[in-house]
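In each ligand, atom 1 is the first atom listed, and ligand 1 is the first ligand listed. Bear in mind that the values here come from a model prediction, so they are computed numbers and not experimental data. This chain uses plain numbering: 1 for the first residue, then up along the sequence.
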Amino acid sequence: MQQIGHWIDGSEVNGAARHADVFNPATGEVQAKVALAAADDLNRAVDIAAAAQPAWGATNPQRRARVLMKFVDLLNRDMDKLAEALSREHGKTLPDAKGDVVRGLEVVEFCIGAPHHLKGEFTDSAGPGIDMYSMRQPLGVTAGITPFNFPAMIPMWMFAPAIACGNAFILKPSERDPSVPMMLAALMEEAGLPKGILQVVNGDKEAVDAILDHPVIQSVGFVGSTPIAAYIYERASANGKRAQCFGGAKNHMIIMPDADMDQAADALVGAGYGAAGERCMAISVAVPVGDDTADRLIEKLVPRVEALKVGPYTSGNDVDFGPVVTAAAKDNIHRLIQSGIDAGAELIVDGRDFKMQGYEDGFFVGAHLFDRVTKDMEIYQKEIFGPVLSTVRAQSYEEALGLAMDHEYGNGTAIFTRDGDTARDFAKRVNVGMVGVNVPIPVPLAYHTFGGWKKSMFGDLNQHGPDAFRFYTRTKTVTARWPSGIKEGGEFSIPVME
Ligand code: NAD
């Protein structure tokens, strides 16, 4: 049985006594055991990071960026290997696993611009003979805790800017799919990163709590479910750390009567069922406006949903989505589907009997489509994180907008329409962080920032884009006077610039 330890001080080390099973979701088999760190393992990583960071922070930003340049080459070199390891533990299709790596790689490319992003501000002659300048300095030792659903992309979204800014970074990845994060750490060192600057401590709540309480760790990034995001934000903040915590989602797509229904239906199947719905930017609620729109949409959707191909990643390009991550996730999805039926929603595509021939023990869930879901139902309120799309019929644009606005989550949303005025009004008024206009999954590119509103985000600064360079640095402002003035004597009233 493969054993997965931690990446500490430049090599893989075995953990302490506790381990967790890592499954192959397609077969249901345990394929590896991953170490679950005790506080001592984490403390050791922090000591090593703290010793290594000052020299890295003092390395000029261009040299730091060159490590990332080389890392991009290595990611491309090992793309197939990374995607295979990712699919084997996560279950997503191989093309989707490559997308996971590539969306991380794009943020690494953005961070290669660190010398530019870290340039400070300068005011010449802020006062007589006085210059003022602000510089961005690294925080020191930083940490991040990541979810199972993007085991390549989200770690890179965190460690690339952290390291480009001159910090050391400790990654606590999901214990469900830890192999790719370990491979990424090894590749960063092959690219020239000094030991101790990027370390991976595998584990569960015990490792997380050790991170949250460690006085040397300056910041915590988190991506995962909302209850844990709220917990981490609170505890990290109470301990004086900078924190950005991204949580769950329930993304609505509004379909206006004038939308191109084929385009909307195609967008919905991709955004609703891709990666088996295990994406924080998946569309999980379709909101057609008017019963006629709803009927036309459903007519287009049903054959598309019924035609979706489910299978193991080993089928390559031949499948639309794979299994969900664990047996527990599968059970939870089935429980929520039953609650929808019990509450009176109409299950118009029923995937409950889906069986994957030859993979009967895998965690496969067939595609499901609900119609006539209402606001009071659990399937509407909760994040299902599975291949289940709910249709909520709205009678007007205002009602549709209100649904997206009233939901506790505010990660992403989309509107499909041919009317620019409606689209513009929607984008301006909706209280959701990322908005698509005829684009179902509006994930911003690396040079913009990513983040939701409401219960989908706790903190002030988003991921990647310019915010990442703000999150991973602190500003110091220097007011300097060099000329002769000071020798003329002290000043006793508070100085005011003239
Ligand atoms: P999760 O919250 O179960 O786990 C995330 C991380 O937290 C893991 O590293 C895990 O080990 C750790 N963790 C779990 N329980 C903990 C506890 N009690 N105390 C401390 N740490 C704990 O999330 P998941 O199932 O891995 O990921 C799916 C969730 O992530 C979904 O809700 C999805 O919407 C969300 N997500 C959000 C975004 C975003 O940007 N908003 C992106 C991807 C995923």
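- Taking every non-hydrogen atom of I145 and a distance limit under 4.0 Å, the qualifying atoms of ligand 1 come out as 6 (C), 7 (O), 9 (O).
- Ring planes of F110 and H117: tilted class, angle from 30 to 60°.
- Between D204 and ligand 1, not a single N/O pair is under 3.5 Å apart.
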Criterion ring pair (Phe, Tyr, Trp, His ring centres under 6.0 Å) on F450 and W157, from CA distance to verdict: CA-CA 10 Å; F450 179 108; W157 283 11; 4.9 Å; yes

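- Comparing F150, W157, F385 against atom 28 (C) of ligand 1, the shortest heavy-atom distance belongs to F385.
- Between F458 and Y233, the two ring planes are tilted [angle within 30° to 60°].
- The shortest heavy-atom contact between A267 and M253 is CB-CE, 4.3 Å.
- The part of E383 lying near ligand 1 is the side chain, judged by heavy-atom distances below 4.0 Å.
- Shown here, atom 34 (O) of ligand 1 is in close reach of the protein: a heavy atom of it lies under 4.0 Å off.
- Assignment of S174 to the shell around ligand 1 is supported, since a heavy atom sits closer than 4.0 Å.
- Between E12 and H6, the closest side-chain pair of non-hydrogen atoms is not below 4.5 Å.
- A salt bridge does not link E84 to K81: none of the charged side-chain nitrogens sits closer than 4.0 Å to a carboxylate oxygen.
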Check against salt bridge (charged side-chain N to carboxylate O under 4.0 Å, His left out), K375 and D406: CA-CA 10 Å; K375 274 174 84 167; D406 291 346; 3.4 Å; yes

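- Listed by number with element, the atoms of ligand 1 under 4.0 angstrom from any heavy atom of F450 are 40 (O).
- At a heavy-atom distance under 4.0 Å, no atom of T226 approaches ligand 1.
- For the ligand labelled ligand 1, residue P173 lies inside the 4.0 Å heavy-atom shell.
- Every atom of ligand 1 is numbered from 1 in the order shown, and the set under 4.0 Å from a heavy atom of F222 is 2 (O), 5 (C), 6 (C), 7 (O).
- Below 4.0 Å from some heavy atom of E175 lie the following atoms of ligand 1, by number and element: 10 (C), 11 (O).
- Taking only nitrogen or oxygen atoms, main chain and side chain alike, Y231 does not reach within less than 3.5 Å of ligand 1.
- Interface atoms of ligand 1 facing F246, defined by a heavy-atom separation under 4.0 Å, are 39 (C), 40 (O), 41 (N).
- Listed by number with element, the atoms of ligand 1 under 4.0 angstrom from any heavy atom of N149 are 43 (C), 44 (C).
- Within a 6.0 Å sphere centred on NZ of K195, other residues, nucleotides and ligands contribute 12 heavy atoms or fewer.
- Any N or O atom pair closer than 3.5 Å counts here, and G247 shares at least one such pair with ligand 1.
- Between C280 and ligand 1, a contact under 3.5 Å exists for no N or O pair.
- Shown in contact with V223 at under 4.0 Å from a heavy atom are these atoms of ligand 1, numbered in order with element: 5 (C), 36 (N), 37 (C), 38 (C), 39 (C), 40 (O), 42 (C), 43 (C), 44 (C).
- Using a 4.0 Å cut-off to heavy atoms of I154, the atoms of ligand 1 that qualify are 42 (C), 43 (C).
- Looking from atom 22 (C) of ligand 1 to the surrounding protein, the closest heavy atom is I228 CG2, 3.6 Å.
- Aromatic pair Y409/W453: centroids not less than 6.0 angstrom apart.
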